[in-house]
Amino acid sequence: MNVRVVSLVQKDLNASILRAVTGEEKAAVARAYPDGAVHNVLNVLLLRGNGVTALVDTGYDWSVGALDAALAQANLGRQDVTHVVVTHAHGDHVGGLTQDKKAVFPRATVLFSEKELAAWTDAEDAKSAPAGLSRMFESVADICAAYGERVRTFAPGTALFPELPGVQAVDEAGHTPGHVGVMIREEDRVFLFWSDLLHAFDAQQAMPSVSASFDMDPAAAARVREDLLNRARAEGWLVVGSHVPFTEPRVLK
Ligand SMILES: [Zn+2]
């Protein structure tokens with residue numbers, strides 16, 4: 001299997017997105033970001049093998065050009081993408097699936113976790129959603145309209161593609177109700193694309209109890225962050241996320 005991390009955008013965040021509560025947490029944030037700038041990129045994954053050409057997330061609607069360029073570099077076009085795995089429905093992850101309400105990837109099957117699709121297609125919740133969240137309901141509705149029967153769901157812990165049994169989603173609920181990472185097991189190697197497990201790598205890998213303002217359930221996000229970071233360290237996994245200051249997967253110290 002060929003796994004490529006594609007960096008679409010260079011994007012600094014401000015450390016004020018972090019919800020440091022205790023003195024210890026505030027000190028960890030100040031230590032990591034003395035000038036308040038959190039250096040970040042926006043990464044997506046391109047997986048190829050056994051007839052599958054899959055993207056994991058798509059970036060923003062306005063970064064589709066960068067995605068096209070990355071596909072072209074791999075001698076691929078939009079029509080070659082067989083699957084798009086959605087880690088969650090935030091605009092920087094699903095924005096590139098549609099343009100003018102049309103499917104960007106004409107042949108792709110779009111894979112959502114069951115919980116994430118259910119959360120953002122709930123008609124009652126959509127009606128009462130605050131402005132910040134109503135965009136997510138709208139973009140998921142656009143994706144469902146554009147891809148129709150090619151929108152499918154998966155449960156974390158099962159293979160995402162029958163052709164690639166080593167690739168499965170990892171439940172990371174907390175950031176959003178059905179947020180997932182994607183884990184690839186090949187021989188002795190474990191690789192985790194953790195999506196939005198964290199947004200400020202230096203502070204949050206040192207102090208996983210600190211959640212970001214984007215985490216819908218900060219306590220659940222903190223629990224899964226701590227658990228996965230511990231396991232990644234103990235088992236020597238190669239890791240990379242959507243919002244980290246690096247593109248080359250690495251083993252955590
Ligand atoms: Zn997100």
Side-chain angles (χ1 to χ4, degrees), residues 1-3 6 8 44-65 67-68 70-71 74 76-127 129 133-173 175-184 193 195-196 242:
M1 190 182 342
N2 186 291
V3 182
V6 176
L8 296 176
V44 301
L45 274 193
L46 175 61
L47 307 179
R48 279 188 294 164
N50 242 357
V52 172
T53 296
L55 287 167
V56 178
D57 290 339
T58 60
Y60 294 96
D61 49 0
W62 54 261
S63 57
V64 167
L67 192 53
D68 281 336
L71 288 171
L76 297 169
R78 296 175 179 183
Q79 70 286 351
D80 298 312
V81 176
T82 60
H83 299 79
V84 178
V85 180
V86 172
T87 66
H88 64 295
H90 277 148
D92 51 336
H93 300 261
V94 297
L97 273 166
T98 57
Q99 279 189 325
D100 301 325
K101 299 189 188 274
K102 292 198 187 73
V104 166
F105 303 99
R107 291 178 49 229
T109 297
V110 179
L111 299 168
F112 275 89
S113 82
E114 288 163 355
K115 274 196 286 184
E116 191 71 359
L117 189 64
W120 303 113
T121 50
D122 185 301
E124 285 306 306
D125 286 356
K127 270 187 233 157
L133 293 183
S134 63
R135 268 197 63 197
M136 294 177 72
F137 288 97
E138 284 161 22
S139 63
V140 172
D142 286 349
I143 292 163
C144 289
Y147 288 86
E149 287 182 352
R150 289 185 286 133
V151 173
R152 308 262 171 85
T153 58
F154 60 82
T158 55
L160 286 167
F161 321 99
E163 302 89 339
L164 300 173
V167 184
Q168 53 178 250
V170 177
D171 188 354
E172 296 182 0
H175 176 62
T176 63
H179 179 229
V180 296
V182 171
M183 181 174 276
I184 302 171
F193 177 76
S195 188
D196 285 16
S242 307

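Throughout, residue positions are numbered sequentially from 1 according to the sequence presented.
Judged by distance alone, the side chains of Thr98 and Asp142 never bring a donor and an acceptor atom under 3.5 Å apart. With hydrogens and angles left out, the side-chain atoms of Gln168 and Thr158 include no donor and acceptor closer than 3.5 Å. Side-chain contact, His179 with Asp196: no donor N or O sits under 3.5 Å from an acceptor N or O.
In this structure a side-chain-to-backbone donor-acceptor pair under 3.5 Å is present from Ser113 to Gly178. With hydrogens and angles ignored, the 3.5 Å screen pairs a side-chain donor or acceptor of Arg150 with a backbone N or O of Ala108. A donor-acceptor pair is defined here as one N or O able to donate and one able to accept, closer than 3.5 Å; such a pair exists between the side chain of Thr82 and the backbone of Thr53. Proximity of a side-chain donor or acceptor of Asp92 to a complementary backbone N or O of Gly59 within less than 3.5 Å is not detected. Using a distance-only test at 3.5 Å, with no hydrogens or angles considered, no donor-acceptor pair links the side chain of Tyr60 to the main chain of Leu8. Remark: side-chain polar atoms of Gln79 are not paired, donor with acceptor, to backbone N or O of Arg107 under 3.5 angstrom. Here the side chain of Asp80 pairs a donor or acceptor atom with the backbone of Gly77 at under 3.5 angstrom.
Between His90 and His93, the ring planes lie tilted relative to each other; the angle falls in the 30° to 60° range.
Distance CD/Gln99 to CG/Asp61: 7.0 Å, rounded to 0.5 Å. Taking OG1 of Thr121 as the reference point, atom CD1 of Ile143 lies at 11.5 Å (rounded to 0.5 Å).
A 4.5 Å side-chain heavy-atom check between His88 and Val94 finds every atom pair outside the cut-off. Counting heavy atoms from C-beta outward, Val151 and Thr109 have side chains that stay 4.5 Å or more apart. In this structure the side chain of Phe161 reaches within 4.5 angstrom of the side chain of His83, judged on heavy atoms. At a threshold of 4.5 Å between non-hydrogen side-chain atoms, the residues Val44 and Ser242 do not count as touching. Here the side chains of Val85 and Leu55 are not in contact, with every heavy-atom distance at 4.5 Å or above. Between Val110 and Arg152 there is no side-chain heavy-atom pair separated by less than 4.5 Å. Looking at Val170 and Met183, their side chains come closer than 4.5 Å, going by heavy atoms from C-beta outward. Using a 4.5 Å cut-off on side-chain heavy atoms (C-beta onward), Val6 and Leu45 make no contact.
Shown here is Asp100, whose CG atom has no more than 12 heavy atoms of other residues, nucleotides or ligands within 6.0 Å.
Residues Leu164 and Gly49 come closest through the heavy atom pair CD2-O, 3.6 Å. The two residues Asp171 and Ala173 make their nearest non-hydrogen contact at OD1-N, 3.0 Å. For the pair Pro165 and Ala159, the tightest heavy-atom approach, listed with the atom from each and the gap, is O-CB, 4.0 Å. Closest non-hydrogen pair, Phe105 versus Leu97, comes out as CD1-CD2, 4.3 Å. Of all heavy-atom pairs spanning Thr87 and Phe193, the tightest one is CG2-CE2, 4.2 Å. Nearest heavy-atom pair, Trp120 versus Val140, reported as atom, atom and distance to 0.1 Å: CB-CG2, 3.7 Å.
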Might you work through the side-chain contact (heavy atoms from CB on, under 4.5 Å) test for Leu160 and Val182, ending with a clear yes or no? CA-CA 9 Å; Leu160 286 167; Val182 171; 4.2 Å; yes

Would Val180 and Val86 count as a side-chain contact (heavy atoms from CB on, under 4.5 Å) if you check the C-alpha gap in whole Å, the side-chain angles of each, and the deciding distance to 0.1 Å? CA-CA 8 Å; Val180 296; Val86 172; over 6 Å; no

Given side-chain contact (heavy atoms from CB on, under 4.5 Å), test Cys144 with Leu117 step by step and report yes or no. CA-CA 10 Å; Cys144 289; Leu117 189 64; 4.0 Å; yes

Between Thr58 and Val84, is a side-chain contact (heavy atoms from CB on, under 4.5 Å) present by the stated rule, with each step listed? CA-CA 8 Å; Thr58 60; Val84 178; 3.6 Å; yes

I'd like to know whether Lys127 forms a salt bridge (Lys or Arg N to Asp or Glu O under 4.0 Å) with Glu124, so could you lay out the CA-CA distance, the side-chain angles of the two residues, the decisive distance to 0.1 Å, and finally the verdict. CA-CA 5 Å; Lys127 270 187 233 157; Glu124 285 306 306; 3.1 Å; yes

